[in-house]
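Notes follow once the structure below has been shown.
Note that the structure is a prediction, hence the values are computed from the model and not measured. Naming convention: chains lettered A, B, ... in sequence-line order (proteins, then strands); numbering from 1 in each chain.
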Number of protein chains: 2
Amino acid sequence: MDGYDKHAFEPFAVTVDLAVFTIREGALHVLLVERGQEPYAGRWALPGGFLRPDESAERAARRELGEETGLTDVTGLHLEQLRTYSEPGRDPRMRVVSVAFAALLPDAPEAHGGGDAAQARWTPYDAARELAFDHDRILADARDRIGAKLEYTGLATAFCPPEFTLGELQQVYETVWGTTLDRPNFRRKVLATPGFVEAVPGAARLTGGRGKPAALYRAGTAAALHPPLLRPVPEGRPA
Amino acid sequence: MDGYDKHAFEPFAVTVDLAVFTIREGALHVLLVERGQEPYAGRWALPGGFLRPDESAERAARRELGEETGLTDVTGLHLEQLRTYSEPGRDPRMRVVSVAFAALLPDAPEAHGGGDAAQARWTPYDAARELAFDHDRILADARDRIGAKLEYTGLATAFCPPEFTLGELQQVYETVWGTTLDRPNFRRKVLATPGFVEAVPGAARLTGGRGKPAALYRAGTAAALHPPLLRPVPEGRPA
DNA sequence: CCTTTAATAGTCGCACTGACTATTAAAGGG
DNA sequence: CCCTTTAATAGTCAGTGCGACTATTAAAGG
């Protein structure tokens with residue numbers, strides 16, 4: 001009931017933090033910024049910043065992304081709330097509640113510092129360790145969430161350009177899940193799932209490859225995949 | 001990067017709101033409180049309240065639940081973050097950012113008002129309309145989330161007492177999804193999914209029923225169901 | 001033109017599932 | 001004490017999805 005009626009309310013600083021993913025050279029990359037100020041000056045961190053009084057967390061997330069990394073007017077950006085981190089002590093200086101977002105980008109435009117960030121850089125996911133604040137945790141949570149949502153949503157297309165080949169889409173799954181998938185089976189499954197992708201008639205990707213050019217597809221309209229595309233179980237999983 | 005370094009930060013009021021569900025008499029019920037204060041005095045709302053400076057949102061959620069509804073020491077309570085609502089104007093008096101939670105309870109202990117709440121009451125989900133603030137939206141989001149999570153997690157057991165029959169578990173699915181399920185098939189599926197439930201040896205529910213008493217089960221240890229228990233597609237869904 | 005590379009097509013068998021039917025085990029009324 | 005009622009549990013069968021393959025096709029480039 002937003003019950004501020006009787007008790008005095010304590011003011012909090014509210015920030016947004018972004019875990020922005022893309023796929024580069026077959027590896028999952030995360031956008032990081034180097035902190036220019038204490039605390040954690042010189043450490044890498046997730047981009048983010050303060051919520052302004054007139055904007056929602058979603059708007060703040062897009063704004064900060066542009067300010068700190070130069071990624072502006074990112075049309076293909078998929079942005080979704082992850083969760084909110086509110087443990088006392090997560091910031092050494094004051095009480096900060098942070099709304100975390102996970103974001104996906106198709107291609108990887110170069111990033112540069114700005115705002116509070118000394119510099120910004122795409123970093124391989126596995127190399128993004130020992131970040132400032134509790135950002136290691138946020139980043140791991142974001143990756144888990146993305147991996148899980150690939151199973152039952154068409155989210156993977158958010159990593160792809162507007163038109164993409166099935167091979168590129170498969171690469172997304174293999175990269176995020178860290179597995180390999182059988183190509184014919186992947187193809188059959190994707191095409192059999194209504195609303196996942198739709199063919200672009202008569203188009204083929206001509207990008208310098210040596211073999212037969214692949215047909216192009218666009219993201220479909222379905223939000224959820226029925227049936228889902230289940231992740232292969234790691235060895236020895238079954239109870 | 002929690003970038004409060006250069007810009008002045010604006011203070012916000014931070015609250016938690018709870019959508020607490022249970023199943024009563026075969027229908028999904030939600031815990032609501034009647035507001036004792038303006039704004040929205042006399043209107044029904046989700047329980048919740050201010051975050052204190054020394055507690056996380058999760059702890060605040062449990063505390064407010066106890067204060068406003070008398071539901072304290074709820075051992076079987078499942079509590080999970082839904083999302084954070086931060087649109088400007090969602091509270092007519094000040095800038096409030098609210099961390100919303102979805103919660104599930106096995107049985108339904110009676111609730112009574114307290115704290116900021118004039119009274120508290122279990123309300124059938126379908127009758128919970130025109131709530132204060134944006135709580136209609138939060139409630140709908142929570143219900144969607146719960147319904148979806150039933151598919152691929154063992155969450156349904158959170159609606160059940162520590163020991164339950166497969167019939168009771170099936171009732172949870174049918175109630176939340178608004179469908180009917182074939183009993184033998186449901187049984188087969190649940191028992192074939194490793195870690196979903198485990199049998200309580202030699203126990204049977206004797207509660208006054210007329211027919212053969214059902215065997216009892218406990219919640220299993222698996223967090224995710226492999227394979228998931230997919231919701232039947234509504235008529236005419238396939239594209 | 002011929003080799004290479006990758007996309008696409010097709011096959012086979014098992015496991016899962018939806019839609020059923022049949023059986024069993026107790027409770028409670030007569 | 002039996003017999004009806006109620007519900008749990010067991011079993012059947014066909015269609016389908018999917019993993020693991022093999023085979024074919026289409027272009028690029030030397």
Requested in this report: Scan residues 184-194 of chain B for pairs that pass salt bridge (Lys or Arg N to Asp or Glu O under 4.0 Å), counting only residues two or more places apart or in two chains.
Outcome: none

Query - Sequence-distant partners of Arg59(B), salt bridge (Lys or Arg N to Asp or Glu O under 4.0 Å), two or more places apart - result: none

**Report entry** Near-strand residues of residues 186-193 of chain B, defined as heavy-atom separation under 4.0 angstrom from DNA chain C
**Finding:** Arg188(B), Lys189(B)

Query raised in the report: Got a sec, which residues hit salt bridge (Lys or Arg N to Asp or Glu O under 4.0 Å) with Glu80(A), two or more places apart in sequence or on another chain?
Result: Arg145(A), Lys149(A)

Query raised in the report: Under the salt bridge (Lys or Arg N to Asp or Glu O under 4.0 Å) test, which residues partner Arg43(A), sequence neighbours left out?
Result: none

Query raised in the report: How would you list, by chain and number, every residue that makes a side chain to side chain contact (heavy atoms under 4.5 Å, CB included) with Ala140(B), sequence neighbours excluded?
Result: Tyr125(B)

Query raised in the report: Partners of Tyr173(A) by ring-ring contact (aromatic ring centres under 6.0 Å, His included), sequence neighbours excluded?
Result: Trp177(A), Phe186(A)

Report summary line: Stems for DNA chain D (at least 3 consecutive Watson-Crick or G-U pairs, under 3.5 Å) come to C:1-30 with D:1-30

Query - Qualifying residues under salt bridge (Lys or Arg N to Asp or Glu O under 4.0 Å), relative to Glu58(A), sequence neighbours excluded - result: Arg83(B)

Report summary line: Across all chains, not counting sequence neighbours, the ring-ring contact (aromatic ring centres under 6.0 Å, His included) partners of Tyr152(A) are Tyr152(B)

Interface polar pairs with nucleotides 3-5 of chain D, N/O, under 3.5 angstrom:
none

Report summary line: Applying side chain to side chain contact (heavy atoms under 4.5 Å, CB included) to Asp182(B) and not counting sequence neighbours gives Pro184(B), Asn185(B)

